Amino acid sequence: MLAFFHILKFIQGICCSFVKITHPPESEAVLLERAHQMAGLSLSDIAHSLNVHVPNNFKRHKGWTGQLIETHLGATAGSKPIQDFAELGIELKTLPLSYALKPLETTYVCYAPLVNISNLQWETSNVKNKLQKVLWIPIEGERDIPPKERKIGSPILWQPTELQNEILRQDWEELMELIALGKIESITARIGEVLQLRPKAADGSALTQAIGLDGEMIHTRPRGFYLRKSFTEQILEDAF
DNA sequence: AGCTGATCATAC
DNA sequence: GTATGATCAGCT
């Protein structure tokens, strides 16, 4: 694949010096410029400039890479349910890649609402809002590459095509319909062409309210929306 | 081997 | 608990 060669080229790029960034980017151009400057750098390069320690693995630091990149690029949203760069209308996502330069993991989008959902619509949904415009940061993600050595790739500023948007809408509507009908317990990660619903919690003891089969309130594990690897792989291919 | 369901850290 | 950042790891 010629396409992948380009990503590889960027990922294996030569490290260059960079300036520590702490203030939010004032424009899309500035954000993109900063993102491009990270290409070819390792996680330890970024961590060193921010004076943070790089974990030896991510078993107990699963969101570490995302937080590191967020801080470096000047994101400020924190844990609020909005885009990372709300003023710019851009969401930031790191994307762990295999040696074959394909996504190693699905991509978390947002928490799934399970109650008070009768009036929710795709157009104003959290999923659509978050995916309007995404700055993808590909990063080497194979487990046998120590986090310190993992290199950051060239960023991809992506917006869903009409077709992608339509498929996302269909998946979202199908899943939300099942939730509204009280079928939350029968929803598996196999449903949805590009968007899937999976548990999203600290552990199995976490419970939240949902609609039961007879319309009554029940308790269930919290869920989140995730993008399948095949979907982000396509984004990657389209970009190169 | 890849996927689904489970899990980890942190802020509020 | 909700919500962010995700990856882990057992099972098929």
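Note on naming: letters A, B, ... go to the chains in the order of the sequence lines (proteins, then strands), and numbering restarts at 1 for each one. Since we're looking at a predicted model, the values are computed, not measured. These values consider heavy atoms only, across backbone and side chains, with no hydrogens, waters or symmetry-generated copies.
Mapping Thr106(A) and Ser205(A) onto DNA chain B by nearest heavy atom places Thr106(A) closer to the 5' end of the strand. Comparing Leu207(A) and Gln67(A) along DNA chain C, the residue whose closest nucleotide (by nearest heavy atom) sits nearer the 5' end is Leu207(A). Taking the nucleotide of DNA chain C with the nearest heavy atom to each of Arg143(A) and Glu70(A), the more 5' of the two is matched to Glu70(A).
If you check dT4(B), dT7(C), dA11(B) against the side chain of Tyr226(A), the one that comes closest is dT7(C). Closest to the side chain of Lys93(A), out of dA6(B), dG5(C), dT4(B), is dG5(C). For Phe58(A), counting side-chain heavy atoms from C-beta on, the closest listed nucleotide (dC8(C), dT4(B), dA6(C)) is dC8(C). Nearest nucleotide to the side chain of Tyr108(A), out of dC8(C), dA6(C), dG5(B): dA6(C). Checked against dA9(B), dT4(B), dT4(C), the side chain of Arg198(A) finds its nearest nucleotide in dT4(B). Each of dA6(B), dG5(B), dA9(B) was ranked by its minimum atom distance to the side chain of Ala189(A); first place goes to dG5(B). Closest to the Tyr111(A) side chain, of the nucleotides dT2(C), dA6(B), dG5(C), is dT2(C).
Residue Gln209(A) is out of contact with every strand shown, counting any heavy-atom pair closer than 4.0 Å. Heavy atoms of Pro81(A) sit under 4.0 angstrom from primed sugar atoms or phosphate atoms, though from no base atom. Residue Thr94(A) is in sugar-phosphate contact alone, with no base atom involved, counting any heavy-atom pair closer than 4.0 Å across all strands shown. Heavy atoms of Thr107(A) sit nowhere under 4.0 angstrom from any nucleic acid atom. Gly63(A) comes within 4.0 angstrom of a base, heavy atoms only. Within 4.0 Å (heavy atoms only), Ala206(A) reaches sugar-phosphate atoms of the nucleic acid but no base atom. In this structure, Asp84(A) reaches the sugar-phosphate backbone alone: every heavy-atom distance under 4.0 Å involves primed, P, OP1 or OP2 atoms, never a base.
Between Lys229(A) and Glu105(A), none of the side-chain N atoms (NZ, or NE/NH1/NH2) sits under 4.0 Å from a carboxylate O, so this pair counts as no salt bridge. A salt bridge is absent between Glu142(A) and Lys102(A): the closest approach of a Lys/Arg side-chain nitrogen to an acidic carboxylate oxygen does not fall below 4.0 angstrom.
Annotation: cation-pi pair Lys200(A)/Tyr108(A) present, NZ/CZ under 6.0 Å from the ring centroid and within 45° of its normal.
Of the side-chain N and O atoms in Arg60(A), none sit less than 4.0 angstrom from OP1 or OP2 of dC8(C). The phosphate of dA6(B) (OP1 or OP2) has no side-chain N or O of Lys200(A) nearer than 4.0 angstrom. Close to dA6(C), at under 4.0 Å from its OP1 or OP2, lies no side-chain N or O of Thr65(A).
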request  = Let me see the working for Lys151(A) and Glu140(A) under salt bridge (Lys or Arg N to Asp or Glu O under 4.0 Å), right down to the final yes or no.
outcome  = CA-CA 6 Å; Lys151(A) 288 186 176 171; Glu140(A) 290 179 332; over 6 Å; no
message = Working note: Lys133(A) + Glu91(A), criterion salt bridge (Lys or Arg N to Asp or Glu O under 4.0 Å); need CA distance, chi angles, decisive distance, verdict.
response = CA-CA 6 Å; Lys133(A) 194 179 269 193; Glu91(A) 171 71 9; over 6 Å; no
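Between Leu68(A) atom CG and dT10(B) atom P there is a gap of 15 Å when expressed in whole angstrom units. In this structure, Phe85(A) atom CZ and dT4(C) atom P are separated by 16 Å, rounded to whole Å. Spacing between atom CZ of Arg223(A) and atom C1' of dT7(B) amounts to 15 Å, rounded to whole angstrom units. Rounded to whole Å, atom C1' of dA3(C) lies 8 Å from atom NZ of Lys130(A). Rounded to an integer number of Å, the gap from Arg190(A) CZ to dC11(C) C1' is 10 Å. Here the C1' atom of nucleotide dT2(C) and the CG atom of Asn116(A) are 14 Å apart, to the nearest Å. Rounded to whole Å, atom C1' of dA6(C) lies 15 Å from atom CG of Leu97(A). If you take CZ of Phe225(A) and P of dT4(C), they are 12 Å apart, rounded to a whole angstrom.
Both Leu114(A) and Trp122(A) sit in one connected hydrophobic cluster of ILVMFWY residues. Membership requires side-chain heavy atoms under 4.5 Å apart, directly or through other members.
Note: Phe58(A) and Trp64(A) have parallel aromatic rings, judged against thresholds of 30 and 60 degrees for the angle between ring planes.
Side-chain to base pairing of Lys102(A) with dG2(B): no donor and acceptor N or O lie closer than 3.5 Å to each other. Counting distance only, with no hydrogens placed and no angle test, the side-chain atoms of Lys62(A) and the base atoms of dT4(C) include no donor-acceptor pair under 3.5 Å.
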